[in-house]
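Input: a single structure, listed below in structure tokens.
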Amino acid sequence: MIKLLLPDGSSRMVENWISGKELIGGLETALKKEVVCLKVNGELKDLDTQLPADAEVSLVRRSDPEALEVLRHSAAHIMAQAVKRIFPAAKLAIGPAIENGFYYDFDLPRPLTPEDLTVIEGEMKKIIKEDYPFTHRLVAKEEALASLRQAGEKYKEELVAELEDGEISFYQQGEFSDLCRGPHLPSTRYLKAFKLTSIAGAYWRGDSSREMLQRIYGTAFFSREELDHYFKLLAEAARRDHRKLGREMDLYSTDDQIGPGLILWHPKGGRIRQVIEDFWREEHRKNGYEIVYTPHLGRRSLWETSGHLGFYQENMYAGMEVEGQEYLIKPMNCPFHIAIYQSRSRSYRDLPFRWAELGTVYRYERSGVLHGLLRVRGFTQDDAHIFCRPDQMPEEIDRTLAFCLAILKAFGFKDFKLYLATRPEKSVGAEERWAAATEALRAAIEKTGLPYAVDEGGGAFYGPKIDLKIKDALGREWQCSTIQFDFNEPERFDLSYKGSDSQDHQPYMIHRALLGSLERFFGILIENYEGAFPLWLAPVQAVVLPVLPANLDYAGEVYDWLRAKGIRVELDSRNEKIGYRIREAQVQKVPYMLVVGSKEAETGQVAVRTRKEGDLGACSREELLARMEKEIREKS
RNA sequence: GCCAGCGUAGCUCAAUUGGCAGAGCAGCUGAUUUGUAAUCAGCAGGUUAUCGGUUCAAGUCCGAUCGCUGGCUCCA
């Protein structure tokens with residue numbers, strides 16, 4: 001018997017030896033229309049699949065996440081069919097569904113232009129109208145190889161050659177056939193709302209030494225509304241783009257004279273950075289860290305000892321010669337913190353050390369990867385290194401993770417996802433140390449109760465790590481924080497401490513960054529808040545707006561008073577109408593606009609207008625200050 | 001670095017097939033005396049990213065360089 005699980009939680013027993021189509025034939029029409037494919041014993045299958053005996057079957061409906069994947073995968077096939085019709089010489093590579101849509105990689109006789117996308121879309125619409133069923137067939141491996149070879153599909157041939165011997169799964173719609181595991185939509189007509197979005201280059205199999213293919217990206221949804229919503233979201237992201245806001249709000253810039261990926265923090269960006277740094281230092285002090293400062297350069301031999309010249313050289317700037325010695329600019333701070341550790345002998349009683357530094361590093365990033373503040377060549381890490389004994393290690397990890405979450409929460413981030421990255425194949429360090437460290441990381445993660453995933457073999461070669469991703473206001477994920485063990489450098493620098501047994505022991509060394517880099521974090525903050533920073537971060541917290549030049553004296557008095565109270569306040573006394581100056585303050589996302597005219601001058605009050613709530617009417621200066629100070633304190 | 005696209009005033013964008021580089025905003029000057037999202041007028045602003053080539057003539061066509069954008073590889 002086949003057990004059919006229905007969406008309402010009930011189940012139905014059905015006779016064996018029927019196909020999926022027959023199975024859903026008995027369902028009510030409304031539900032039947034919703035079904036895209038089936039899940040048979042947990043595996044996605046086409047509707048026209050022959051069901052095995054005694055299977056457990058559930059329906060995949062349009063609203064299920066798997067359905068969207070199937071839709072997009074089928075959309076990729078339809079696109080490939082259209083491309084083949086337009087470019088018969090096109091060779092197919094791969095075409096999966098991805099997070100926000102799908103793509104297909106092609107080897108084409110000429111570069112694509114944006115106009116081609118319109119033509120391909122048109123052909124796709126024809127294919128959809130022609131309503132070909134997606135049919136599944138199994139072909140013997142040898143036969144598949146032969147036919148692909150004959151068709152000149154060398155990429156597909158390469159893929160099939162690597163599959164296990166036996167039957168190879170193909171899907172066909174109309175004249176188009178493609179190697180594919182499936183499943184697919186019942187027919188091409190099911191694709192209703194789609195759009196091709198961009199063309200990009202992509203290496204065959206992601207390998208930069210292999211052919212560069214042309215990738216076409218597209219997206220698809222079950223309804224027009226969902227498609228429109230997706231494009232609205234993209235427009236929203238464009239509005240928040242930190243590169244655009246950074247220029248409009250005069251926060252930062254880059255300059256061709258200086259070079260790409262090198263950031264100029266303007267005064268307003270600088271104010272925000274200073275607030276972040278002051279907060280960061282104070283929190284670190286409270287959490288038992290000591291602040292250290294280290295140079296920007298070090299001798300070649302330092303980087304030889306650390307191993308960076310071996311595994312990181314391609315990201316380091318070329319050295320410079322000084323008095324016959326070669327110096328290199330630092331891409332990381334750790335060797336310097338290690339040098340502090342080595343500056344004297346260390347006892348087990350001294351540990352743990354928690355040394356933090358806002359350390360500016362320079363890394364050569366290939367030109368194509370640079371992106372605003374998010375990917376740069378010079379940046380300041382909020383770095384720290386913890387040196388501790390094995391018995392202290394689990395607690396240090398706990399503390400670090402808790403501290404990390406507290407800091408991120410202060411900046412308004414509430415959604416976190418953790419990734420535990422374990423030992424990769426190529427790695428250094430003793431097995432017991434890896435096991436102990438990985439367990440401590442796992443235990444710390446589980447203590448937080450937050451969702452996490454294990455990235456098997458995703459650790460650095462020198463140690464396991466936790467990567468923490470935050471979700472911003474648009475639901476986009478960003479990685480800032482990382483907590484990493486290092487079994488490499490303590491060994492290379494031969495770090496030790498004297499134990500209670502009078503023997504030398506190697507300390508655990510943990511690298512951690514909470515914000516990651518100040519540049520990247522700043523970029524994320526701009527996008528998260530759409531430039532409308534909460535009061536504690538706002539570069540200009542309030543602007544005083546005299547209604548008339550006659551009110552300038554009183555406006556100056558208000559301005560001086562707030563300034564003296566530590567508020568970042570500006571005075572806009574330009575010869576413009578009050579509406580004009582309010583608009584400008586609003587556009588610049590200033591949280592408080594303080595309108596002062598003759599009425600206020602007489603009563604000693606200020607008329608308060610906030611960015612969020614508009615005109616709030618007049619109140620005393622003290623009331624205003626109390627309100628602002630509360631808002632600053634609560635970081636709201 | 002690779003693939004594709006792009007680069008015109010501080011910003012956003014115009015400029016038929018190659019035929020006199022223009023507008024709005026911002027800036028400056030003046031007028032206006034203003035009460036919660038843009039007052040009016042005038043002025044100024046350019047080696048069309050840079051260098052080279054084709055042409056009677058190049059913002060426009062070709063080449064190189066630099067930079068930017070979207071991807072790929074890599075990553076805080």
Side-chain angles (χ1 to χ4, degrees), chain A residues 103 105 108 110-114 116-117 197-217 238 241 243-244 247-248 250 253-261 312 314-315 331-333 359-361 363-383 460 467 478-482 484 511-524 545-551 574-588 593-600 607-611 613-618:
Chain A
Y103 68 79
D105 287 346
L108 293 170
R110 66 163 174 85
L112 290 169
T113 66
D116 290 323
L117 290 190
T197 50
S198 62
I199 310 159
Y203 299 110
W204 169 233
R205 315 202 96 175
D207 182 342
S208 57
S209 67
R210 304 203 63 180
E211 294 91 332
M212 174 62 76
L213 305 172
Q214 296 193 69
R215 175 171 297 179
I216 304 176
Y217 282 95
D241 193 312
R243 294 166 299 183
K244 175 176 169 283
R247 186 174 52 240
E248 288 172 1
D250 198 14
S253 64
T254 55
D255 188 320
D256 286 0
Q257 302 173 84
I258 294 165
Y312 208 72
E314 60 181 32
N315 284 295
M332 293 186 190
N333 303 301
T360 303
V361 298
R363 298 182 183 175
Y364 164 68
E365 297 285 358
R366 289 188 286 181
S367 52
V369 307
L370 301 173
H371 181 94
L373 290 168
L374 302 181
R375 192 75 185 271
V376 295
R377 285 181 173 161
F379 57 98
T380 300
Q381 291 183 303
D382 71 317
D383 209 356
D467 286 331
W478 306 92
Q479 195 206 314
C480 298
S481 319
T482 182
Q484 313 189 342
H511 306 256
R512 50 111 278 200
L514 309 184
L515 309 178
S517 91
L518 292 178
E519 285 75 8
R520 176 178 286 180
F521 192 72
F522 185 35
I524 294 167
L545 305 169
V547 176
L548 291 174
N551 311 124
R574 285 177 302 170
N575 181 16
E576 295 288 351
K577 284 165 70 174
I578 191 74
Y580 177 91
R581 284 173 288 154
I582 283 174
R583 178 172 194 279
E584 185 142 301
Q586 191 77 36
V587 167
Q588 286 293 313
M593 288 155 260
L594 308 173
V595 177
V596 293
S598 308
K599 276 184 282 183
E600 288 75 21
V608 178
R609 180 194 171 91
T610 68
R611 178 179 66 199
E613 297 163 273
D615 192 354
L616 297 181

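Protein chains get the first letters and strands the later ones, always in sequence-line order, with residue 1 at the start of each. The figures here come from the full heavy-atom set of this structure, side chains too, leaving out hydrogens, waters and symmetry mates.
- Taking atom C1' on both nucleotides, B:A41 is separated from B:A37 by 23 Å, rounded to a whole Å.
- Of the P atoms belonging to B:U36 and B:A9, the separation is 38 Å, rounded to the nearest Å.
- Comparing A:V587 and A:A550 along RNA chain B, the residue whose closest nucleotide (by nearest heavy atom) sits nearer the 5' end is A:A550.
- When each of B:U39, B:G70, B:U12 is scored by its nearest atom to the side-chain atoms of A:R243, the top-ranked nucleotide is B:G70.
- Among the heavy atoms of the strands lying under 4.0 Å from A:I582 is at least one base atom, whether or not backbone atoms are also near.
- Contacts of A:Q588 with the nucleic acid, taken as non-hydrogen atoms under 4.0 Å apart, are absent.
- Going from the C1' atom of B:A49 to that of B:A44 covers 23 Å, rounded to whole Å.
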Readout for nucleotides 71-76 of chain B: B = base within 4.0 Å of protein heavy atom, S = sugar-phosphate only, - = neither; 5' to 3' it is BBBBBB
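- Annotation: B:U60 and B:C6 have their P atoms spaced 13 Å apart (nearest Å).
- In this structure, A:D615 reaches the bases: a heavy-atom distance under 4.0 Å links it to at least one base atom across the strands shown.
- Protein atom CZ of A:R247 is 10 Å distant from nucleotide atom P of B:U69, rounded to whole Å.
- Close to B:G35, at under 4.0 Å from its OP1 or OP2, lies no side-chain N or O of A:R609.
- Rounded to the nearest Å, the gap between the C1' atom of B:G59 and that of B:A21 is 8 Å.
- Taken together, the paired segments of RNA chain B that extend over three or more consecutive Watson-Crick or G-U pairs, each closer than 3.5 Å at both contacts, are B:1-7 with B:66-72, B:10-13 with B:22-25, B:27-31 with B:39-43, B:49-53 with B:61-65.
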Pull out every protein N or O sitting under 3.5 Å from an N or O of nucleotides 23-26 of chain B, one pair per line with the distance.
residue, atom, partner, partner atom, Å
B:A26, OP1, A:Y580, OH, 3.0

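- One atom, CD of A:E600, and another, P of B:G35, lie 13 Å apart when rounded to the nearest Å.
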